[in-house]
2 protein chains.
Amino acid sequence: MAEISASPLHIVRTQSLASLVAGELERMILSGELPPGSRLNEQALAARLGVSRGPVREAVRGLDRSGLVVTVVNQGSFVRQLSVEEALDVFDLRAALIGYACERLAGRATKEELEELSRLVREMDVAAEADAAAQYFALNITFHNTLMSMGGSQRAVRFYGDLGKELTLIRRKGLVAPERMRESNGEHMAILRGLLAGDAQAARAAGEAHIRGGKQRFLALPLDNGAAPATAPRRRQQPA
Amino acid sequence: MAEISASPLHIVRTQSLASLVAGELERMILSGELPPGSRLNEQALAARLGVSRGPVREAVRGLDRSGLVVTVVNQGSFVRQLSVEEALDVFDLRAALIGYACERLAGRATKEELEELSRLVREMDVAAEADAAAQYFALNITFHNTLMSMGGSQRAVRFYGDLGKELTLIRRKGLVAPERMRESNGEHMAILRGLLAGDAQAARAAGEAHIRGGKQRFLALPLDNGAAPATAPRRRQQPA
DNA sequence: GGCAGGAGTTCTGTTGACAGTTTTCATTTC
DNA sequence: GAAATGAAAACTGTCAACAGAACTCCTGCC
């Protein structure tokens, strides 16, 4: 049961084990290896990762704070199950944050920053035309993170990122049609136009409109209702 | 050194020690008992609170996530020192969040919710006329939190609260003039008008304007540059 | 057949102890 | 007198073990 060898946890000592465990757990959650509702057994995780329960506990609490995990006293921690309503709230919040970043960036973006954003939009255009959904998806995340980094504060970047990770808890079946990619990238271009023109209000409005568009595209997707494999006899699932 | 008795930590067992310790540490930080830059010695805190290092460690990491504390590997955790620039960023973020909450609330506030907000504004009006700064301050926080709870999502409420706590790290010398209180409450009334009219855009604009006003009032205050008492020979301070 | 009750197991919450790193401080050297 | 050196102290990171709560599953009862 204890798969210690292949883990990267035994190499680095320059950062704490807890942060490494946190990264690994986050990867497992975002990849779907630990699906929403599944339990995070401290002992089992510790054994699996070849560390003791201390760092695992610390990592799990961190994920709780960032919103990926829900903890109940004396019962344990579970991968968060995001309802559609909560997901819509997340979109609204992200819209507010993107708007904030766009507004701030419009007044102070450097030539280099604008060029980088333009480049990303062009690359997304290529990906959309080639129907390369995975590549578009990755570029899209990069674009958003770059935008937030340039326009937002450190805190805003992290919060926005946390919210984005939350969405992967429900976004599962996101097979995107090329038409949707073009639509999405069109909104990116609108943001870029606002930034290039130095029009803070236009950039903000475009940013918010883009997230609202994403919200609509999300709603249009068929909901992936688990179909839990249930191979292992998991004992406890998340309550409520 | 070990003041165990008066602490409320020994009574409750229905929630984890770590959460109780976190609450106590937060209180100590917000009250200024642990000023920015000061070190959080795990051993000393554990002894002082009558628990072991585990829960203390967990609590400190939680505070790190929420922004009140900064942790350096192998060096420890320190109460965060907020620069003026960071504080201004926080105001901007809070403006975006309040705007988001006001916009959402305008469309769906119930009669009871509007009445509660109106009541708070009236009470603040009384406090401002009576020059009761402490009471105004408390009511103001309640108003903001109520507004966020009604209009925002769970996540937004917590994030907004975290940002507010961060501001106390620098806001220290906030002796408020009655004139400022009236000004601030006038902005509250503008928000209320927007909500009562069901005008989402007006409510949002008023919410953002209020936080911008708070930002200006913050900038107008004299900065309280520590004047660290340095009674005890504290060993280490926060680097950088 | 379904349901209440209780022993056994599992797992979390907490503690105390050990190892390694960082800091402190006295001593030496220039 | 100031900088370098090295030993001692302090503290963090990690681990292993214990106590108590929660869950599971079996047994007995209706």
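Because only heavy atoms are used, hydrogens play no part in the values below, and waters and symmetry mates are left out as well, while side chains stay in. The sequence lines fix the lettering, A, B, ..., with proteins before strands; numbering per chain opens at 1.
Distance B:N41 CG to D:dT12 C1': 10 Å, rounded to the nearest Å. A straight line from CZ of A:R39 to P of D:dT24 spans 9 Å, rounded to a whole angstrom. Atom-to-atom, CG of B:L45 to P of C:dT15 comes out at 14 Å; the value is rounded to the nearest Å. Nucleotide C:dT21 holds its C1' atom 15 Å from the CG atom of A:L17, rounded to whole Å. Counting to the nearest Å, the P atom of D:dC15 and the CZ atom of A:R53 are 12 Å from each other. Here the C1' atom of nucleotide D:dG13 and the CZ atom of A:R57 are 16 Å apart, to the nearest Å. Computed from coordinates, the A:L49 CG to D:dC15 C1' distance equals 15 Å when rounded to whole Å. When the P atom of C:dT14 is taken as reference, atom CD of B:Q15 falls 10 Å away, rounded to whole Å.
The shortest distance between side-chain heavy atoms of B:S153 and A:D92 does not fall below 4.5 Å.
When the side-chain nitrogen and oxygen atoms of A:Q43 are compared with OP1 and OP2 of C:dT10, none of them lie within a distance under 4.0 Å. In this structure, B:R61 does not reach the D:dT12 phosphate: none of its side-chain N or O atoms is under 4.0 Å from OP1 or OP2. Between B:Q75 and the phosphate of C:dT23, there is a side-chain N or O to OP1/OP2 separation shorter than 4.0 Å.
A:G76 comes within 4.0 angstrom of the backbone, heavy atoms only, and of no base.
At distances below 3.5 Å, not a single donor-acceptor pair connects side-chain atoms of A:R61 with backbone N or O atoms of B:A59.
Classification of the B:H188-B:H210 ring pair by plane angle, with boundaries at 30° and 60°, yields perpendicular.
Between B:E115 and B:K111 there is no salt bridge, since no side-chain nitrogen of the basic residue lies less than 4.0 Å from a carboxylate oxygen of the acidic one.
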